[in-house]
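Below is one structure, written out as structure tokens; the observations come after it.
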Amino acid sequence: MIDVWGRHPWSPQQDAAWGLVATILSQNTNWQNTRRALSSLQQRCRTAADLLSLSVKELERLIRPAGLWRIKAKRIRAALQVLIPRFGPHLERLHEVPPTVARQILLEAPGVGPKTADVLLAFYAGAPIIPIDTHIARITRRLGLAAPSASYEQIRSALEKLIPPKHRLRAHIALIRFGREVCRSRNPRCAKCPLRSFCKYARSRKGSLNH
DNA sequence: GCCCAGGTGGGTA
DNA sequence: TACCCACATGGG
């Protein structure tokens, strides 16, 4: 899976602070619209910390293409206000604390849930964590690697047991692309899927996939 | 016109 | 604790 889909679909931002902004913008939004909004912000402000000097109205206007703009403008401001004093203007001190501690602090920031916290830790603090997005959750359940009702943490734990730390970041990327490009609909294009033998195995083992 | 996209937080039972 | 729902634009 890593060989087929492990190429980076999302080049990390300059620093973790822009990474935080990009991740909030990407919530329930496709990457193309996320990129539009992020690009407007980066044309207007040199650093993510500079966003705090914008008015809420201006921030809302700039991020509109990403959708949910009223909510996201609030979340970006609030999260930066909480996390910059703690980790520095570029969130450069994120990797100086143990990932479990950093995760707790991140989760206390408004607008930062488990997915956003884990993306920051995995991409900007080198933590061996697999962030669970909607695609990863779907295919992990569908392949029977986690129960249909499994929570975010249960899915993360199931995958992290299977995948060694050094492969987790690329596995995260590969799993998302697999989920988006192959295993998205209720009728996955299994004929085109390089993993079809594995899917077949999973199906036979489980009786049926949770399509 | 409908569906979906790399979630989160508030409300309700 | 476990669900349900609002949030909103842009493209297929």
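Each chain gets a letter, A, B and so on, in the order the sequences are listed, and its residues count up from 1.
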* Asked: Could you give the OH-to-P distance, from A:Tyr152 to C:dA2, as a whole number of Å?
  -> 17 Å
* Asked: Over how many whole Å does the gap from A:Arg168 atom CZ to B:dG6 atom C1' extend?
  -> 20 Å
* Asked: Salt bridge between A:Glu160 and A:Arg156, side-chain N to carboxylate O under 4.0 Å?
  -> yes
* **Distance in angstrom units between A:Leu120 CG and B:dG6 C1', rounded** => 13 Å
* Asked: Counting only N and O atoms by type, is there a donor-acceptor contact under 3.5 Å from the side chain of A:Arg86 to the main-chain atoms of A:Ile105?
  -> no
* Asked: Under a 4.0 Å heavy-atom cut-off, which of residues 99-109 of chain A touch DNA chain C?
  -> none
* What is the distance, rounded to the nearest whole Å, between atom CD1 of A:Ile176 and atom P of B:dA5? -> 12 Å
* **Under the 3.5 Å Watson-Crick or G-U criterion, the dot-bracket string of DNA chain C, with | for inter-strand pairs** => |||||||.||||
* Please test A:His95 against A:Phe87 for ring pair (Phe, Tyr, Trp, His ring centres under 6.0 Å), starting from the C-alpha separation and ending with a verdict. => CA-CA 9 Å; A:His95 66 278; A:Phe87 293 115; 9.9 Å; no
* A:Ile132 side chain reached by A:Leu159 side chain, heavy atoms, under 4.5 Å -> yes
* Asked: Listed by chain and number, what are the side-chain contact (heavy atoms from CB on, under 4.5 Å) partners of A:Ser151, not counting sequence neighbours?
  -> A:Glu153, A:Gln154
* Asked: Do NZ/NE/NH1/NH2 and the carboxylate oxygens of A:Arg103 and A:Asp118 come within less than 4.0 Å?
  -> yes
* **Integer-rounded Å distance: B:dG6 P and A:Leu20 CG** => 19 Å
* Structure fact -> With sequence neighbours left out, the residues meeting side-chain contact (heavy atoms from CB on, under 4.5 Å) with A:Leu68 are A:Asn28, A:Lys72
* Gap between atom CG of A:Leu51 and atom CG of A:Leu62 - 0.5 Å precision -> 8.5 Å
* Under 3.5 Å, is there a donor-acceptor pair between the side chain of A:Arg168 and the main chain of A:Ile163? -> yes
* Test item: A:Pro89 and A:Thr47 side chains (from C-beta on) under 4.5 Å apart, heavy atoms -> no
* So do the side chains of A:Gln81 and A:Leu52 get within less than 4.5 Å of each other, counting heavy atoms only? -> yes
* **Sequence-aligned protein contact record of nucleotides 6-12 of chain C, with B where the base is within under 4.0 Å of a protein heavy atom and S where only the sugar-phosphate is** => -BBBSS-
* Asked: Heavy atom of residues 110-118 of chain A under 4.0 Å from DNA chain B: which residues?
  -> A:Pro110, A:Gly111, A:Val112, A:Gly113, A:Pro114, A:Lys115, A:Thr116
* **Pairwise P distance, C:dA6 and B:dG6 [rounded to whole Å]** => 22 Å
* Asked: B:dC3 and C:dC5: how far apart are their P atoms, nearest whole angstrom?
  -> 15 Å
* Is there a side-chain contact between A:Glu92 and A:Tyr124, using heavy atoms and a 4.5 Å cut-off? -> no
* To do: Check the pair A:Asp50 / A:Ser53 against side chain to side chain donor-acceptor pair (under 3.5 Å), numbers first and verdict last.
  => CA-CA 6 Å; A:Asp50 294 340; A:Ser53 64; 5.6 Å; no
